[in-house]
**Q** 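Shown below is the structure under consideration.
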Amino acid sequence: MSEVRIPAEPRTEFGKGGARRTRRAGKIPAVLYGHGTEPRHLALPAREFGHAIKGGGANTLITLQLDGGTELALPKAIQRNPIRGDFEHVDLLLVRRGEKVTVEVPVTLTGEANREGLVDQQLMTLTVEAEATHIPAHFEVSIEGMQVGDNVTAGAVPLPSGTILIGDPDQVVVAVLAAPTAEQLEAELAGAEAEAGIERDESDNDVDEVGAEDSAETDGAAAAE
């Protein structure tokens with residue numbers, strides 16, 4: 001997994017005003033907690049943190065460079081602005097080398113299933129327990145040659161040594177489903193329209209019929225002339 005070093009400095013301003021000033025200075029308000037220690041309020045450089053997350057994902061192991069030493073941490077919660085997308089706040093979990101942590105790791109599909117089927121990925125991540133400095137970046141699940149009706153469960157996903165699956169091993173990660181027929185698609189569309197309250201107004205048919213009659217009469221008159 002990725003491990004990056006990021007400088008961090010103590011944050012002495014709190015509240016919404018203090019957080020805004022921290023962000024205007026190009027930094028992210030953060031809190032470091034864990035192992036029974038008092039929470040520490042920090043400010044992280046937004047550019048460096050963004051590069052770290054982009055390169056290693058949410059499970060990036062961060063070495064915080066603090067006055068008096070360093071600390072290892074994992075991003076536990078990341079808040080982003082829903083419009084601009086910039087970072088607003090980060091919760092960091094203090095970890096130790098050799099310590100086991102529970103994390104969610106992305107699942108990546110490789111290969112191609114039979115073209116007659118539809119690939120349905122039901123789990124985008126797997127929850128696992130892993131050593132803090134050896135968290136997998138992702139799990140690869142091959143769907144090469146899978147036929148309609150085939151599936152891969154969580155327990156069948158190959159995990160690195162020392163990584164333990166947390167949760168139901170029988171839960172389906174990915175399955176290959178039969179492609180729907182034209183009749184099934186039409187029925188689903190009709191059902192969706194009915195559920196949404198979309199109905200064809202009978203007056204539309206009357207208007208169409210009247211319009212057709214008027215057109216026929218006009219055409220007949222023109223032919224007579």
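Heavy atoms only: backbone and side chains are in, while hydrogens, waters and symmetry mates are out.
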**Q** Between Leu109 and Leu177, is there shared hydrophobic-cluster membership here, with clusters defined by ILVMFWY side-chain heavy atoms closer than 4.5 Å?
**A**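 Not linked; separate clusters.
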**Q** If you take all heavy atoms of Leu94 and Glu99, which pair is closest and at what distance?
**A**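 The pair with the smallest heavy-atom distance is O-OE1, 4.4 Å.
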**Q** Go through the steps to decide whether Thr133 and Glu131 satisfy the test side-chain hydrogen bond (donor to acceptor under 3.5 Å, both in side chains), and finish with yes or no.
**A** CA-CA 6 Å; Thr133 57; Glu131 199 270 314; 2.3 Å; yes
**Q** My understanding is that only one of Val128, Ile135, Leu61 makes a side chain to side chain contact (heavy atoms under 4.5 Å, CB included) with Val101; could you say which?
**A**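 The residue from Val128, Ile135, Leu61 that satisfies side chain to side chain contact (heavy atoms under 4.5 Å, CB included) with Val101 turns out to be Ile135.
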**Q** Can you tell which of Ile6, Leu64, Val31 makes a side chain to side chain contact (heavy atoms under 4.5 Å, CB included) with Leu42?
**A**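 Considering Ile6, Leu64, Val31, a side chain to side chain contact (heavy atoms under 4.5 Å, CB included) with Leu42 is found only for Leu64.
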**Q** Should we count CZ of Arg96 as having more than 12 external heavy atoms under 6.0 Å?
**A**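 Check passes, neighbour count above 12.
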**Q** Name the one of Val90, Val4, Ile78, Asn59 that satisfies side chain to side chain contact (heavy atoms under 4.5 Å, CB included) with Ile53?
**A**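 The passing option is Ile78.
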**Q** Taking C-beta and beyond as the side chain, do Met124 and Pro106 meet within less than 4.5 Å on heavy atoms?
**A**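 Side-chain contact under 4.5 Å: no.
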**Q** Give the minimum heavy-atom separation between Gln122 and Val172, together with the two atoms involved.
**A**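 Result for this residue pair: CB-O, 3.6 Å.
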**Q** Between Phe87 and Arg23, is there a side-chain heavy-atom distance shorter than 4.5 Å?
**A**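 Not in contact.
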**Q** Tell me the closest heavy-atom pair linking Ala8 and Leu66, and the distance in Å.
**A**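 Reported closest heavy-atom pair: CB-CD2, 3.6 Å.
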**Q** Rounded to the nearest 0.5 Å, what's the gap from CD on Glu71 to CG on Leu32? Could you check?
**A**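 The CD atom of Glu71 sits 6.5 Å away from the CG atom of Leu32.
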**Q** Measure from the side-chain N and O atoms of Glu144 to the backbone N and O of Glu112, and report whether any donor-acceptor pair falls under 3.5 Å.
**A**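 At least one qualifying donor-acceptor pair exists.
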**Q** With side chains defined as the heavy atoms from C-beta onward, is the minimum distance between Leu92 and Leu74 less than 4.5 Å?
**A**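 No, their side chains stay 4.5 Å or more apart.
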**Q** Roughly how far, to the nearest 0.5 Å, is the NE2 atom of His134 from the CZ atom of Arg97?
**A**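 Here the interatomic distance stands at 9.0 Å.
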**Q** Specify the closest pair of heavy atoms between Ala113 and Val176, including all atoms of both residues, with the distance to one decimal.
**A**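 Heavy atoms only, the tightest pair is CB-CG2, 3.9 Å.
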**Q** Would you call Thr22 and Ile28 a side-chain contact if the rule is heavy atoms closer than 4.5 Å?
**A**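 Thr22 vs Ile28: side chains apart.
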**Q** Check whether any side-chain N or O of Gln147 sits under 3.5 Å from a backbone N or O of Gly145 as a donor-acceptor pair, and report yes or no.
**A**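 Yes: the side chain of Gln147 pairs with the backbone of Gly145.
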**Q** State the CD-CD1 distance between Glu129 and Ile166, to the nearest 0.5 angstrom.
**A**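 Between Glu129 CD and Ile166 CD1, I get 5.0 Å after rounding to 0.5 Å.
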**Q** Looking at Asp120, Leu126, Thr125, which one forms a side chain to side chain contact (heavy atoms under 4.5 Å, CB included) with Val173?
**A**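 Running side chain to side chain contact (heavy atoms under 4.5 Å, CB included) over Asp120, Leu126, Thr125 with Val173 returns exactly one hit, Leu126.
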**Q** Looking at every heavy atom in both Phe139 and Pro160, which two are closest together, and how far apart are they?
**A**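 Answer, listing the atom of Phe139 first, then Pro160: CE2-CD, 3.8 Å.
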**Q** Would a 4.5 Å heavy-atom cut-off, applied to side chains only, mark Val152 and Met146 as touching?
**A**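 Yes, at least one pair of side-chain atoms sits under 4.5 Å.
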**Q** Write down the atom of Ala30, the atom of Arg11, and the distance for their closest heavy-atom approach.
**A**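 That closest heavy-atom pairing would be O-NH2, 3.2 Å.
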**Q** Tell me, yes or no, whether the heavy-atom count around Glu116 atom CD, taken from other residues, nucleotides or ligands under 6.0 Å, exceeds 12.
**A**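 No, because the 6.0 Å sphere around CD of Glu116 holds 12 heavy atoms or fewer from other groups.
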**Q** First locate atom CG of Leu165, then atom OG1 of Thr153, and finally report the distance between them rounded to the nearest 0.5 Å.
**A**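 Those atoms lie 9.0 Å apart.
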**Q** Is there side-chain contact between Val107 and His138, with at least one heavy-atom pair below 4.5 Å?
**A**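 No, too far: nothing below the 4.5 Å cut-off.
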**Q** Do Phe49 and Ile62 come within less than 4.5 Å of each other through their side chains, counting heavy atoms only?
**A**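 SC-SC contact between Phe49 and Ile62 confirmed.
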**Q** So how far is it from Gln121 CD to Thr108 OG1, rounded to the nearest 0.5 Å?
**A**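 Going from CD on Gln121 over to OG1 on Thr108, the span is 8.0 Å.
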**Q** Quick one: does any side-chain atom of Lys27 pair with a main-chain N or O of Arg21 as donor and acceptor, under 3.5 Å?
**A**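 Absent.
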**Q** Please check if Val119 and Val157 belong to a single hydrophobic cluster, counting links between Ile, Leu, Val, Met, Phe, Trp and Tyr side chain heavy atoms closer than 4.5 Å.
**A**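 Shared cluster, yes.
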**Q** Would a 4.5 Å heavy-atom cut-off, applied to side chains only, mark Glu88 and Arg80 as touching?
**A**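 Not in contact.
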**Q** Please report the interatomic distance CG(Leu93) to CG(Leu72), rounded to the nearest 0.5 Å.
**A**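 Those atoms lie 11.0 Å apart.
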